[in-house]
Number of protein chains: 2
Amino acid sequence: MPTIKDVAREAEVSIASVSKVLNDPNYGSVQMRSRVMRATRKLGYQPNNIARSMVMGKTKIIALVIPDIRNQFFTSVARGVEDVASKYEYRVILCNTDEDATKQREYIDTFRSKIVDGFIISVASDRDQYLAKVDGQTLPFVYIDRLCEGISADAIVVDNQDGAHKAVSYLLELGHRRIGLVAGKSDTLTGRERLRGYQEAHESVGANLHSDLMIDGGFTIEGGYEATKALLGLSQPPTAIFIANNAMTIGCLKALAEAKVKIPDEISVIGFDDSEWAEFFSPPLTVVRQPTYTMGTLAGEILFQRILGTAPQEKQEIVLRPELVVRESCRALS
Amino acid sequence: MPTIKDVAREAEVSIASVSKVLNDPNYGSVQMRSRVMRATRKLGYQPNNIARSMVMGKTKIIALVIPDIRNQFFTSVARGVEDVASKYEYRVILCNTDEDATKQREYIDTFRSKIVDGFIISVASDRDQYLAKVDGQTLPFVYIDRLCEGISADAIVVDNQDGAHKAVSYLLELGHRRIGLVAGKSDTLTGRERLRGYQEAHESVGANLHSDLMIDGGFTIEGGYEATKALLGLSQPPTAIFIANNAMTIGCLKALAEAKVKIPDEISVIGFDDSEWAEFFSPPLTVVRQPTYTMGTLAGEILFQRILGTAPQEKQEIVLRPELVVRESCRALS
DNA sequence: AGAACCCAATAAAGCGTTTTAGTGAAAGGG
DNA sequence: CCCTTTCACTAAAACGCTTTATTGGGTTCT
């Protein structure tokens, strides 16, 4: 691989001149510019970005830390992040934590070693305070979807309580009084907020809460599957189920299919998070939709404001509103 | 951020000693080791990986270049790649090309600037020969799923022709003679091989091919949707459809739902690529399954063989066999 | 004509590591 | 007792760039 030195020799100019010309098309005399350009082309020279990063103190790379890219919520977010990163000529490193605080720590450590200019994170657990190690001034980061309450940073979140409230209120309006909840991880704010929305929807219409109807599915497919089986096995099973994320919805649907419970005739179902197939599933699934791609782009934009230093001093928290998409998986109880 | 210099001063040793101790726990005297370790902890020192990369000539980063992470096939592959990268203490940069050769070129250019130690690529189009620019010796890469025939490198592929053959043969055995094909991009080997499998299955039982039944869906959701609508609008519509990838399957299913065509009673459907929801879709979808996650891990392992120099001289091509998963979306024609 | 500028071009410093070559002291060998 | 090894440790070079300070020649101004 040719270096800038080789180009300088070939063009018979100094190293400094090559650098200047390459970074500023208007630098120097016409002859020198053309000599440098010709040499660059001839040698197929490509500047070494590592060397450049070292002197500039920027790598033009950011990281995205999420539980699992296979969760469609996060793949959509990731795509949004990558798109704005591309716009700024940045690349993005993908980090799957599998909800594991240890893996998350490892990733954070590598970031502290100057490998990225900033990162976007959906925390595995808000009980882990390791994030405090990164000084937000030096290495900016922004929360997406889930955050650590003690550690301040910009955040893009969804009003989870509102989303859950909308879903459960809808079910209550349809006359359901035994509504199962396949809940999310209780060590995430997201999980707790959706639980809170479920409870508060009941309270606001004076409906009773049954603790046996609320089961933690841990935000995973398997968890959703097991929780649904448990719900179905109850002596008095629910007439409707609200599932707190899309991974668990898949598990839930699988359990319902296995048990041959018909939707919506025998049970009504609402999932949190839309997906491409929900629309033409039979029956089409009623869901709470989050603006996933937009969350990714917004998080990206804010992060770049921080990186480029154009962000205001105080941290911003953007709260997006989820939307209830009514399709055909719920029926009124007569 | 403290540098190695600060640690050296704090520990009252030389810079070189700090470096040695940090990279070799057995170096030097016990006193010096403990002095260095204490200073490191006290200052919260984290080595600067950029500086290290510069001298070592390795960044410990690889890239994954794919059309779109939102395609479940690629999200599963990506997860496999990330998992083996983690094992080797590498990070992975995610690059979406949107099937766009220009975007792909931009990514390749940034790789040539030493930012990654190697990459895994599913080419956007095999008509683009830009890949030839990266000298496989200097910057190793491995193909996944799709490759450029002119440019040699390790490859992990699926026997696409065989997969398509299995699906279409099954349909033919069930008595179908008008089988629609929602085909993939003709400028990818993958797309052409699946088409070839479709044709060859017909030929092997002496069935006629109807050119009006083969429509290019470009591997996208919209393409699949449009192709299916076109198929349905034929004066003599097909009794079965074989769809050459999962994105197009979603579009196809959407078109069928809109047209209220019942599966499998009015039309039989087989998709290429399994997905989490296919199993409990109603009806459960018969599909050709590819070992996506495994493809990712294999590609990763081979790439690391190259990076670490443990790979054999000659390029390896691993061909995996897809599998027909029969569920309930096809019926026999009486 | 001399002072004051401006512009092209460059030498050299610096970014934070690893590594090579080397120093000095202690240990081992004849 | 001198010569050779071994060991702990270090100074300095190198990695490939960007940038700062500087030189030297040509203009412009007074």
Side-chain angles (χ1 to χ4, degrees), chain A residues 1-37 39-40 43-61 89 109-117 138-139, chain B residues 1-37 39-40 43-61 89 109-117 138-139:
Chain A
M1 272 283 116
T3 71
I4 197 171
K5 207 168 162 183
D6 302 313
V7 177
R9 191 183 315 116
E10 174 75 27
E12 296 180 295
V13 297
S14 72
I15 291 179
S17 299
V18 176
S19 175
K20 288 264 175 64
V21 169
L22 258 27
N23 290 304
D24 173 8
N26 293 325
Y27 178 86
S29 68
V30 185
Q31 310 96 288
M32 185 180 84
R33 282 206 297 263
S34 69
R35 289 229 304 282
V36 169
M37 295 317 287
T40 302
L43 301 181
Y45 170 70
Q46 192 78 12
N48 181 323
N49 257 317
I50 296 302
R52 173 182 266 159
S53 292
M54 174 135 90
V55 20
M56 309 258 279
K58 296 232 168 279
T59 60
K60 293 219 157 203
I61 303 179
E89 297 189 302
D109 275 338
T110 69
F111 302 159
R112 294 208 314 134
S113 64
K114 295 284 174 216
I115 212 171
V116 299
D117 294 348
T138 314
L139 214 211
Chain B
M1 274 282 115
T3 70
I4 198 172
K5 209 166 161 183
D6 301 313
V7 177
R9 191 183 313 116
E10 173 75 26
E12 296 180 295
V13 296
S14 73
I15 290 179
S17 299
V18 176
S19 174
K20 288 262 174 67
V21 169
L22 259 26
N23 291 303
D24 173 8
N26 293 324
Y27 179 86
S29 68
V30 184
Q31 310 96 290
M32 185 180 85
R33 282 206 297 263
S34 68
R35 288 229 304 283
V36 169
M37 296 315 288
T40 301
L43 302 181
Y45 169 71
Q46 191 77 12
N48 181 323
N49 258 317
I50 296 303
R52 173 182 266 160
S53 292
M54 174 136 89
V55 22
M56 309 260 278
K58 296 233 168 277
T59 59
K60 294 222 157 200
I61 303 178
E89 298 188 300
D109 275 338
T110 69
F111 301 159
R112 294 208 315 132
S113 63
K114 296 283 173 213
I115 213 172
V116 299
D117 294 348
T138 313
L139 214 212

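Quick note: numbers below take in every heavy atom, side chains included, and nothing from hydrogens, waters or symmetry partners. Throughout, a chain's letter reflects where its sequence line sits, starting with A, and its residues are numbered from 1. Because the structure is predicted, anything quoted here is derived from the model rather than measured.
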Atom pair OG (B:Ser113) and CE (A:Met1), whose distance is rounded to the nearest 0.5 Å: 10.0 Å

Whole-Å distance separating the OH atom of A:Tyr27 from the P atom of C:dA8: 7 Å

Are any of the side-chain heavy atoms of A:Thr3 and A:Asn48 separated by less than 4.5 Å? no

Side chain of B:Ser29 only, please: which of C:dA9, C:dG16, D:dC9 is the nearest? D:dC9

Could you check whether any side-chain N or O of B:Asn49 sits under 3.5 Å from a backbone N or O of A:Lys114, counting only pairs where one atom can act as donor and the other as acceptor? no

Would you give the length of the straight line joining atom OG1 of B:Thr40 to atom CG of B:Asp6, rounded to the nearest 0.5 angstrom? 11.0 Å

In this structure, how many angstroms lie between the C1' atom of D:dC15 and the CE atom of A:Met1, rounded? 16 Å

Under 3.5 Å, is there a donor-acceptor pair between the side chain of B:Thr59 and the main chain of B:Ile115? yes

Distance in angstrom units between B:Arg33 CZ and D:dA8 P, rounded: 9 Å

Nearest-0.5 Å distance that lies between atom NZ in A:Lys58 and atom CZ in A:Arg52: 14.0 Å

In whole angstroms, how far is the C1' atom of C:dT19 from the CG atom of B:Leu22? 15 Å

To the closest 0.5 Å, what do you measure between CD1 (B:Ile61) and OG1 (A:Thr110)? 9.0 Å

Looking at C:dT18, D:dC17, C:dG16, which one has an atom nearest to any side-chain atom of B:Ser19? C:dT18

Options C:dT20, C:dT10, D:dT19, nucleotide nearest the side-chain atoms of B:Lys20: C:dT20

In this structure, NZ of A:Lys60 is separated from CD of A:Glu89 (nearest 0.5 Å) by 5.0 Å

Output yes when a side-chain donor or acceptor of A:Arg33 lies under 3.5 Å from a complementary backbone atom of A:Val21, and no otherwise. no

Within residues 4-18 of chain B, the residues having a heavy atom closer than 4.0 Å to DNA chain C are B:Ile4, B:Ile15, B:Ala16

What is the distance, to the nearest angstrom, from the CZ atom on A:Arg35 to the P atom on C:dA8? 14 Å

Near-strand residues of residues 47-58 of chain A, defined as heavy-atom separation under 4.0 angstrom from DNA chain C: A:Met54, A:Val55

